[in-house]
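Working notes for the structure below.
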Amino acid sequence: MQAPEEQAMPERNGAELLLDTLTAQNVEMIFGYPGGAVLPLYDAVYRQQFRHILVRHEQGAAHAAEGYAKATGKPGVVFVTSGPGATNAITGIADAMMDSAPIVVFTGQVGTGAIGSDAFQEADVLSMTASITKNNYQVHDVRDLPRIINEAFYVATTGRKGPVLIDLPKDIVNATTNAPLPAAVNLPQYRPTPEIDKRQVAALMAALSQAHKPLLLVGNGVHAAAAQTEVQRFAQRYQVPVVSTLLGLGVMPNASPLFLGMGGMHGVYTANIALSECDLLINVGSRFDDRLATAPQKFAPYATIAHIDIDAAELGKIIPATYPIEGDAKAVLQLMLRSSATKPEVSAWQQQLQQWQAAHPLSYEKGTAEIKPQQVVELVGELTHGDAYVVTDVGQHQMWAAQYYPFKHQHQLITSGGLGTMGFGIPAAIGTKLAAPDKQVVLFIGDGGIQMTSEELEVIAANDLDIKIVLLNNHMLGMVRQWQDLFYDRRRSATVFDHQPNFTKLAEAYGITAHHLTDPQTVAADLAAAFATTHAALIEVAIPELEPVMPMIAPGKPNNEMMERD
Amino acid sequence: MRRVLTCLLSNDPGVLNRFTGTLTRRQVNINSISISPVGDNSASRVTAIVYLDNETTAKQLVAQLNKQIDVLEIHDITDQPHVERELALIRVNAAANKRAELFAMVQPFRADVVDVALDSLMLQITGSRDKVNALLRVVQPYGVTQVVRTGVAGFTRAEG
């Protein structure tokens with residue numbers, strides 16, 4: 001059969017064609033920064049009045065797109081110029097790769113004829129990003145552009161999600177064509193939704209019926225599959241307690257009696273002991289990262305392991321699984337929920353867990369002389385009713401936010417997990433707020449990370465984004481300092497800031513209201529006052545310099561060998 | 001352990017870079033690789049020989065390669081009946097008085113003489129890696145001045 005003749009389109013240049021394709025992909029905004037190689041692209045943005053968020057550094061564009069993607073599950077889109085524009089974006093692309101965030105990055109490139117000649121602002125972006133993208137393309141013919149863009153969005157948002165990059169030689173975006181927009185994506189070798197092995201699911205459910213100490217471990221894959229409801233229903237029906245990874249927070253409401261908390265290096269005592277003591281561990285969408293499985297050879301020593309992951313390469317990568325199940329978390333959980341397997345007898349296990357919870361609650365020393373960072377997170381949790389999008393940077397404050405904020409929604413925590421990128425916080429909060437303008441967005445950040453991307457404060461101010469920036473200032477790179485104190489005999493090499501900018505003045509310079517909280521007696525009221533606006537605010541809180549994140553598992557130690565606070 | 005991977009890649013710029021990058025990132029050294037377009041030239045067939053610690057690593061590597069969008073097909077054929085062949089060109093010193101001896105020597109290998117100069121010969125041999133190595137050993141005493149090997153190409157034998 002002959003295909004119906006495709007309607008030729010009006011003559012357009014590559015830049016217009018690109019924006020039209022983005023519109024067809026329901027892209028509502030672009031995070032970007034202009035430059036020489038993307039002049040034609042930005043000219044089209046101008047003429048089409050495409051919504052464009054001008055960041056102040058290209059790293060910010062990539063992190064903002066990640067924030068947008070992590071908060072909504074929708075792909076974030078980035079425009080940067082060639083050479084330094086592209087290399088500046090690389091940290092954000094690597095971050096998106098590690099945390100499977102769907103972003104599509106368009107990089108300018110010098111003209112086709114100049115590629116390879118060390119032209120002005122030329123960089124071999126394809127080679128540089130090969131290992132940190134799910135796929136990358138360089139466009140060689142303007143007529144290929146819509147097909148490549150559609151493929152890029154498809155690849156970025158299906159299977160295990162991730163970043164895709166499209167490199168655009170300048171002459172390609174200038175060239176004109178009347179080629180029609182292509183039909184559906186044709187990538188026969190790419191199978192993002194694998195067939196689920198039903199026998200393996202049945203075997204797992206049979207094992208569950210026989211288990212005495214079953215445990216569910218939930219990770220980022222549950223967010224990616226939007227399978228929060230299925231996880232909760234499954235846990236409830238079979239009375240299986242749940243541990244989450246850092247990125248799995250929000251899958252189970254913290255308030256759920258079945259939720260034991262975050263496991264891993266700075267996880268909750270009971271969550272870690274449960275990982276060590278369980279006899280059946282069902283991992284849904286976590287990759288047994290070394291911050292969770294701190295000592296893989298001693299991990300969950302008594303457990304039969306089931307591992308559900310959309311990425312076949314994760315199965316058996318770190319921890320061998322008796323029941324490896326390749327598949328989308330939601331689809332597999334739906335199959336598991338359809339099973340008529342009998343419920344396991346778990347009352348003794350639950351009693352045991354409750355005893356541990358009672359004996360080892362997450363706790364900190366409440367001081368009267370100083371404001372404790374954990375208390376700040378708790379107070380913010382109360383002020384925002386556990387409903388806010390919580391964005392963090394990386395370090396101690398990130399762990400306190402993970403430990404003490406009362407999460408309850410999927411996609412609620414926006415953080416840099418795998419790559420641990422300082423500087424992620426401010427731009428990611430921008431992307432989050434733009435993605436969810438009606439929701440409250442709180443950013444927890446440290447005094448180190450804020451100095452890495454503070455230029456993006458201008459984007460917050462310029463767009464009047466209501467983001468509450470809680471700066472926990474201990475005048476240190478606290479997490480590294482904590483490791484130096486523990487493992488390097490307190491030699492605090494390059495981790496103490498003897499001099500710091502005046503952060504409140506910095507915020508005010510951008511036109512952002514700033515508060516400096518120092519009084520533990522009034523901190524609750526001060527926080528409430530600072531939160532009582534619909535505009536951005538920087539709330540700097542002076543916290544004790546040497547406050548450690550506890551509990552902690554030393555690197556290489558198994559989950560049941562936690563250090564707890566003195 | 002030695003593993004033989006056979007793979008079909010999109011025949012596009014940068015694809016081989018992504019393929020080898022996946023190996024490099026896991027500290028896998030490529031012992032040999034042969035690649036050439038096949039069929040309508042839209043895809044290239046690759047045979048790669050790698051040395052890995054164990055079968056788990058091998059499975060993991062195949063899974064990682066399989067994730068690449070431009071890897072159309074990949075198989076670890078090490079444990080299946082398969083054929084491996086390699087071509088080598090060898091330039092060996094051959095003074096006039098040594099030629100007859102050399103010709104006789106390479107005959108059992110069914111190597112061909114593909115270039116003759118005043119004091120040297122170029123030999124072409126195809127066969128298994130062992131056979132090529134054996135010929136190299138035999139002609140070594142005459143003085144081998146240049147060798148090029150294509151690396152192993154291979155695929156599985158037909159069943160039955």
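No experiment lies behind these values; they were computed from the predicted model shown. To find a chain, count down the sequence lines: A is the first, B the second, and so on, and within it residues start at 1.
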With under 30° as parallel and over 60° as perpendicular, where do the rings of A:F153 and A:F106 fit, or are they tilted in between? tilted
Contact part of B:V62 toward chain A, heavy-atom cut-off under 4.5 Å: side chain, backbone, both or neither? neither
B:V92, B:V138, B:V113, B:N93 screened by side-chain contact (heavy atoms from CB on, under 4.5 Å) with B:L102, the one that passes: B:V92
Looking at B:E86 and B:R149, is any side-chain nitrogen of the basic one under 4.0 Å from a carboxylate oxygen of the acidic one? yes
Distance flag, aromatic centroids of B:F155 and B:H75, threshold under 6.0 Å: no
Quick one: of B:K67, B:K59, B:R25, who has the most non-hydrogen atom pairs under 4.5 Å with chain A? B:K67
Would you mind telling me which of A:V155, A:L187, A:L315, A:N136 has the largest number of heavy-atom pairs within less than 4.5 Å of chain B? A:N136
